[in-house]
Amino acid sequence: MSAPCCCGKSPEPSCCPAAESVRVLTPDWSAADIWGMWRARVGFGRMSYGVAPGLYAMGEPTADSPVLVTANYKLTVDVLRRELGGRKLWILVLDTANVNVWCAAGKGTFGTTELVQRIAATQLAEKVAHRRLILPQLGAPGVAAHEVKKLSGFGVVYGPVRAADLPAFLDSGEQATPAMRRVDFPLKDRLVLTPMELHHSLRPILLVTLALAFLPALWHGLAAGLQGFGLRGVLAALVGWLGGCVLGPALLPWLPGRAFWVKGAWLGVALALLLALTGVARGLIPILGCVLWFGAGVSFLLMNFTGCTTFTSLSGAKAEVKMLPAQIAGVVIGLLLWSTDWWM
Amino acid sequence: MRYLSNVVTLRLDEAACIGCGRCPEVCPHAVFVVEDRKARIVDRDACMECGACVRNCPVGAISVVAGAGCVAGLLGGVLGLKSECCCSEERGCE
């Protein structure tokens with residue numbers, strides 16, 4: 001039967017791929033998969049870490065086997081297939097530009113249009129007798145289930161948030177417990193984001209550290225300046241960087257306050273007082289200055305962690321960003337006060 | 001973990017609601033329950049404004065100003081930087 005163009009665009013033969021052969025996925029991870037995961041987590045080659053979109057098979061599925069939908073970020077696909085050993089399933093991989101389900105859904109690439117087009121392009125309706133798709137729950141910000149039904153004839157069921165819950169979900173007749181639908185932010189999930197936080201703040205922190213290291217040289221001459229205050233500045237920047245990017249996220253639930261700028265300020269003040277004990281600042285004014293610029297600096301760094309969480313709202317972020325002028329002022333004034341023990 | 005109170009833009013028009021059950025199905029923070037064929041907001045401050053409920057309500061009974069709760073993205077927007085958030089093309093998250 002000659003089908004109308006399956007990609008839904010102009011009726012050009014070239015835009016309709018020949019019936020795609022279905023590639024096979026297994027649940028096993030190779031050493032390359034493990035290495036690839038670590039590289040992606042740290043941020044190397046992250047945006048090119050993808051698989052080809054299309055229809056895949058696990059365990060020789062039949063026309064009655066369920067269809068799971070996912071994104072084409074390779075880590076997403078790898079985590080999904082790892083949980084599905086011993087099952088017969090179709091896996092429909094959408095083109096999300098190598099981005100995971102939740103982020104892609106927020107951006108719209110894991111979306112109604114892409115899903116409907118991918119169903120057509122893979123001729124899914126000819127491979128399965130049923131008309132049900134199981135989508136990851138976190139795809140919902142980008143997918144309108146009722147529109148998918150109208151446009152493709154396939155109904156959408158939202159499966160659990162985590163792939164690890166899929167076996168229980170599938171075995172229970174596609175029933176999700178409330179726990180399967182909740183997203184938390186436990187320590188492990190917070191820590192796994194810290195390499196990226198370090199990676200992306202590295203350049204600004206290096207600039208700040210260089211400024212701190214060389215600024216005293218303007219007063220005292222290069223050698224004396226670098227030797228005296230410069231190393232303290234480097235140490236302080238390092239502690240602040242690790243504090244804002246690693247310690248803050250790790251201690252998040254235990255830092256006082258709801259707003260991240262508040263949590264960061266408390267952590268910064270605590271770190272500054274600890275540093276002051278090591279002689280990084282001497283005298284009341286310099287110590288106060290250290291406390292001020294650390295409090296403001298770590299406050300800013302932790303405020304920037306909001307985008308990595310699973311629970312902060314846009315409205316909250318808009319409220320928090322108003323603290324930026326105070327944070328900048330705090331860093332500048334704090335540095336000035338701290339530096340008073342250079343010339344006294 | 002709880003975020004700020006009384007800031008989110010989430011609104012539910014209970015009169016328009018048909019009790020289909022999609023909103024509790026898609027919400028990652030259990031903001032809604034459906035009882036007696038009507039949805040209710042039971043934890044507004046847990047809402048992260050992801051927009052999943054709005055997108056999946058077949059009768060448009062829910063509204064929210066959806067977006068990423070990301071200060072870096074807001075700052076980037078102000079400074080005219082390309083990356084919208086940590087989930088941008090240049091800067092993937094996770």
Side-chain angles (χ1 to χ4, degrees), chain A residues 40-41 43 46-47 49 73 75-76 97-100 102-107 112 137-146 157-158 161 176 178 181-185 192-193 196 200 252-253 258-261 303-321 324, chain B residues 1-10 18 20-33 44-60 64-79 83-94:
Chain A
R41 286 283 188 217
R46 162 70 189 80
M47 296 322 292
Y49 198 55
Y73 178 32
L75 185 55
T76 299
N98 305 342
V99 171
N100 68 78
W102 208 9
C103 287
K107 285 196 279 186
T112 305
Q137 183 180 331
L138 296 184
V143 173
H146 49 286
V157 167
Y158 286 103
V161 166
R181 299 219 173 277
R182 294 293 290 263
V183 174
D184 295 314
F185 201 33
V192 92
L193 296 164
M196 284 295 260
H200 287 289
L252 203 61
R258 294 273 186 93
F260 281 46
W261 75 261
M303 194 172 80
N304 275 281
F305 190 62
T306 46
C308 296
T309 73
T310 60
F311 66 97
T312 48
S313 59
L314 175 61
S315 298
K318 285 178 183 170
E320 291 221 47
V321 81
L324 182 65
Chain B
M1 257 178 292
R2 309 289 298 178
Y3 197 36
L4 310 185
S5 300
N6 295 320
V7 291
V8 298
T9 56
L10 182 71
I18 59 171
C20 73
R22 281 292 190 194
C23 48
E25 185 187 7
V26 300
C27 179
H29 294 294
V31 170
F32 299 93
V33 296
R44 169 175 265 111
D45 287 341
C47 173
M48 64 181 289
E49 298 178 320
C50 70
C53 54
V54 177
R55 180 84 66 179
N56 283 275
C57 178
V59 297
V64 85
V65 178
C70 178
V71 167
L74 291 172
L75 291 177
V78 161
L79 297 171
S83 66
E84 51 193 79
C85 188
C86 52
C87 304
S88 71
E89 302 309 307
E90 293 89 50
R91 200 191 151 171
C93 49
E94 198 225 315

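Order of the sequence lines sets the chain letters (A, B, ...), proteins ahead of strands, with each chain counted from 1.
Only the backbone of B:Cys27 comes within less than 4.5 Å of a heavy atom in chain A; its side chain stays farther off. Heavy-atom distances place the backbone of B:Cys57, and not its side chain, under 4.5 Å from chain A. Contacts of A:Leu252 with chain B are made by both backbone and side-chain atoms, with heavy-atom separations under 4.5 Å. Of the two parts of B:Cys47, only the backbone, made up of N, CA, C and O, holds a non-hydrogen atom closer than 4.5 Å to a non-hydrogen atom of chain A. Using a 4.5 Å cut-off between heavy atoms, A:Trp102 contacts chain B through its side chain alone, with no backbone atom that close.
The backbone N or O of A:Pro141 lies less than 3.5 Å from a partner atom in the side chain of B:Arg55, making a donor-acceptor pair. Although no hydrogens or angles enter the test, the distance criterion places a donor-acceptor pair under 3.5 Å between the side chain of B:His29 and the main chain of A:Thr310. For B:Asn56 (side chain) and A:Val143 (main-chain N/O), a donor-acceptor pair under 3.5 Å exists by modelled atom type. For B:Glu49 (side chain) and A:Ser315 (main-chain N/O), a donor-acceptor pair under 3.5 Å exists by modelled atom type.
Considering only heavy-atom pairs separated by less than 4.5 Å from chain B, the leading option among A:Val183, A:Val157, A:Thr309 is A:Val183. Top candidate by heavy-atom pairs under 4.5 Å with chain B, chosen from A:Ala259, A:Pro178, A:Ala176, A:Gly142, is A:Gly142. Among B:Gly51, B:Pro58, B:Ala66, the residue with the largest count of heavy-atom pairs under 4.5 Å with chain A is B:Pro58.
Checked against ring-ring contact (aromatic ring centres under 6.0 Å, His included), B:Tyr3 has the following partners two or more places apart in sequence or in another chain: A:Phe260. With sequence neighbours excluded, the residues that form a salt bridge (charged side-chain N to carboxylate O under 4.0 Å, His left out) with B:Arg22 are B:Glu25.
In terms of heavy-atom proximity, A:Ala317 sits nearest to B:Val71 at O-CG2, 3.8 Å. When every heavy atom of A:Leu314 is checked against every heavy atom of B:Ala68, the shortest pair comes out as CD1-O, 3.4 Å. Closest heavy-atom contact between B:Pro28 and A:Leu138: CB-CD2, 4.2 Å. The minimum heavy-atom distance between A:Val321 and B:Leu75, with the atom names listed, is CG2-CD2, 3.4 Å.
Here NZ of A:Lys318 is found 13.0 Å from SG of B:Cys70. Values are rounded to the nearest 0.5 Å. One finds the CG atom of B:Leu74 at 8.0 Å from the OG1 atom of A:Thr306 (value rounded to the nearest 0.5 Å).
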